[in-house]
Undergrad: 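Submitted below is the structure of interest, expressed as structure tokens.
When reading the values below, keep in mind they use all heavy atoms of this one structure, side chains included, and skip hydrogens, waters and symmetry mates. Counting convention: from 1, in listed order, for ligands and their atoms alike.
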Amino acid sequence: MSRIAYVNGRYRPRAVAAVSIDDRGYQFADGVYEVIEVRGAALVDEDAHFTRLRRSLAELRIAPPMEEAALRLVLREVIRRNRVVDGMAYMQVSRGVARRDHVFPAAGTRPALVVTAQAVDPMKGAIKAAAGIRVITMPDQRWKRPDIKSTSLLPNVLAKEEARARGAGEAWLLTADGNVSEGAASNAWIVDGERRVITHPADGSSILDGITRGTLARLIAEMGLMLEERAFSRDEAYRASEAFVTGATSLVLPVVAIDDRPVGDGRPGPVATALRAGFHGAAHHTPIG
Ligand code: PLP
């Protein structure tokens, strides 16, 4: 079955789907994106992802590419056409196609929209979670607005590649004062000896306010655990009982080593494991239809 992508008004075979070389997303990374999990033919936390998309667009003053109701239909159509039951859907909006010039293009330039979807076997994630991942720490070299889900991901790409080269699954990014802000493509969490769950605050500028993070915060309260939204240092992370990362595709993924130091007993911890097990029960599911 050939895979289908939606590109600026047309459903195209993915292998030949293309954007203009003058797309500002291509030229300047002048765009935003969302990744939404598809689980059992339903979208996970769809409304929260659309709320964040609206915010990212507004922060960068990019017009919505179409009415939101229409975009939700396109998203569903792409998922259906690709027969995705479990996997992920991707939406990217750029400021549009215009002759290369840093300043915004003329008013009325249409934002460009790409929507794709792909199947992912949930077993793969389950196997990865059972083993846990290793993380490395690196300086956070991103711009000062990582709260915007922008396609400008070069520092994240370099951090992830460094992690891969060093046999790790994620890089935790360190602020100038030695605190862990988040992962290159996930939010970062630790659990202390008192079973307090700690993550950097989503203060509107220093981290991406993960949708998975938000759902997990509710689940943590439901499970009677204590959540502390505060900065934590790399040294505190080294001493943590547990650590894990969250994201729409990784869900809750235990961390078993930080910079080659085992976390706790070096195996996925009970809190992270319980949070992963409870995650989909706490998330909102809207059927693809
Ligand atoms: N932080 C960064 C830098 C990310 O790229 C992501 C996801 O891609 C997240 C956090 C987690 O966000 P979400 O849970 O919305 O996927």
Side-chain angles (χ1 to χ4, degrees), residues 29 31-39 43-57 59 75 87-93 116-118 120 125 129 133 135-164 169-175 179-190 197-220 227 229 231-232 243-253 255 272 275-276 278-280 282-285:
V32 302
Y33 73 107
E34 278 297 327
V35 177
I36 309 180
E37 189 200 4
V38 180
R39 183 82 170 194
L43 286 157
V44 177
D45 288 334
E46 176 185 10
D47 287 350
H49 281 281
F50 271 92
T51 300
R52 188 172 64 186
L53 178 64
R54 281 197 301 275
R55 177 182 183 276
S56 296
L57 290 168
E59 290 291 326
L75 182 65
M88 49 101 101
Y90 178 86
M91 294 185 285
Q92 177 174 326
V93 183
T116 59
Q118 69 184 69
V120 182
I133 60 161
V135 304
I136 58 166
T137 57
M138 289 186 59
D140 192 341
Q141 294 181 321
R142 300 174 301 164
W143 71 321
K144 296 192 175 67
R145 293 301 306 277
D147 57 301
I148 300 171
K149 201 162 169 67
S150 137
T151 53
S152 180
L153 290 170
L154 190 52
N156 311 60
V157 166
L158 295 176
K160 268 281 208 190
E161 176 56 22
E162 177 73 16
R164 191 192 61 81
E170 178 59 301
W172 277 11
L173 306 176
L174 300 175
T175 59
N179 291 321
V180 175
S181 55
E182 61 183 322
S186 58
N187 289 118
W189 307 67
I190 57 171
V197 186
I198 302 157
T199 195
H200 195 288
D203 50 15
S205 66
S206 42
I207 65 161
L208 185 75
D209 191 357
I211 304 305
T212 318
R213 178 186 184 284
T215 298
L216 210 68
R218 286 202 312 273
L219 178 61
I220 286 166
L227 173 64
E229 293 187 73
F232 61 89
F244 59 93
V245 298
T246 57
T249 52
S250 46
L251 307 177
V252 179
L253 202 50
V255 169
L275 290 172
R276 184 180 176 91
F279 176 75
H280 282 116
H284 297 290
H285 301 254

Undergrad: Within ligand 1, which atoms have a heavy atom of R52 less than 4.0 Å away?
TA: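 Here the atoms of ligand 1 in question are 12 (O), 13 (P), 15 (O).
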
Undergrad: Under 4.0 Å, counting heavy atoms only: does E34 come that close to any atom of ligand 1?
TA: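 The answer is no: ligand 1 sits nowhere under 4.0 Å from a heavy atom of E34.
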
Undergrad: Would one find an N or O of D209, backbone or side chain, under 3.5 Å from an N or O of ligand 1?
TA: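 Not met; the criterion fails.
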
Undergrad: Indicate, as side chain, backbone, both or neither, the part of T246 found under 4.0 angstrom from ligand 1 when only non-hydrogen atoms are considered.
TA: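 The backbone, only.
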
Undergrad: Check this for me, if you would: do E34 and K149 make a salt bridge, where the nitrogen-to-carboxylate-oxygen distance has to be below 4.0 angstrom?
TA: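 Salt bridge: no.
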
Undergrad: Quick test: of every protein heavy atom, which one is nearest to atom 13 (P) of ligand 1, and how far off is it to 0.1 Å?
TA: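 Scanning the protein heavy atoms, the shortest distance from atom 13 (P) of ligand 1 goes to I211 N, 3.5 Å.
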
Undergrad: Distance-only, no hydrogens or angles: does the T199 side chain make a donor-acceptor pair with backbone N or O of A188 under 3.5 Å?
TA: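 The answer is yes, because a donor-acceptor pair under 3.5 Å joins these two groups.
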
Undergrad: Determine whether a donor-acceptor pair (N or O, by modelled atom type, separation under 3.5 Å) exists between the side chain of R52 and the backbone of D209.
TA: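 Yes: the side chain of R52 pairs with the backbone of D209.
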
Undergrad: Which residue and non-hydrogen atom of the protein lie closest to atom 1 (N) of ligand 1, and at what distance in Å?
TA: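 The answer is E182 OE1, 2.6 Å.
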
Undergrad: Short question: side chain of D147, backbone of I207 - any donor-acceptor pair under 3.5 Å?
TA: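 No: the side chain of D147 does not pair with the backbone of I207.
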
Undergrad: Measure up the H285 and H280 rings against each other and bin them: parallel (under 30°), tilted (30 to 60°), perpendicular (over 60°).
TA: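 It falls in the tilted class, 30° to 60°.
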
Undergrad: For atom 8 (O) of ligand 1, which protein heavy atom lies nearest, and how many Å away is it?
TA: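 Ranked first by proximity to atom 8 (O) of ligand 1 is K149 NZ, 3.1 Å.
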
Undergrad: Closest non-hydrogen protein atom to atom 14 (O) of ligand 1, residue and atom name please, with distance?
TA: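 Closest protein heavy atom to atom 14 (O) of ligand 1: T212 OG1, 2.6 Å.
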
Undergrad: Considering G247, A185, A202 one by one, which has a heavy atom nearer to atom 6 (C) of ligand 1 than any of the others?
TA: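 Result: the heavy atom closest to atom 6 (C) of ligand 1 is in A185.
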
Undergrad: Give a yes or no answer on whether the side chain of T212 reaches the backbone of A248 with a donor-acceptor pair at less than 3.5 Å.
TA: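 Side chain of T212 to backbone of A248: a pair is present.
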
Undergrad: Using modelled atom types and a 3.5 Å cut-off, is there a donor and acceptor pairing between side-chain atoms of K160 and backbone atoms of G169?
TA: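 Looks like yes, one N/O pair under 3.5 Å.
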
Undergrad: For atom 9 (C) of ligand 1, which of the options G214, A159, S186 provides the nearest non-hydrogen atom?
TA: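 When every heavy atom of G214, A159, S186 is considered, S186 comes closest to atom 9 (C) of ligand 1.
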
Undergrad: Heavy-atom distance to atom 16 (O) of ligand 1: which of A248, G183, S181, S250 wins?
TA: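 It is A248 that holds the nearest heavy atom.
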
Undergrad: Among the heavy atoms of N187, does any lie under 4.0 Å from an atom of ligand 1?
TA: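 Yes, that is the case, since the closest heavy atom of the residue is under 4.0 Å from the ligand.
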
Undergrad: Any side-chain to backbone donor/acceptor pair from N156 onto A184? Under 3.5 Å, distance only.
TA: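 Yes.
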
Undergrad: Among all protein non-hydrogen atoms, which one is nearest to atom 12 (O) of ligand 1, and what is the separation to 0.1 Å?
TA: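 Looking at atom 12 (O) of ligand 1, the protein heavy atom closest to it is G210 CA, 3.4 Å.
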
Undergrad: Is there a side-chain contact between I133 and V255 in this structure, where contact means two heavy atoms from C-beta onward sitting under 4.5 Å apart?
TA: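 When only atoms from C-beta onward are counted, V255 and I133 do touch, with a gap below 4.5 Å.
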
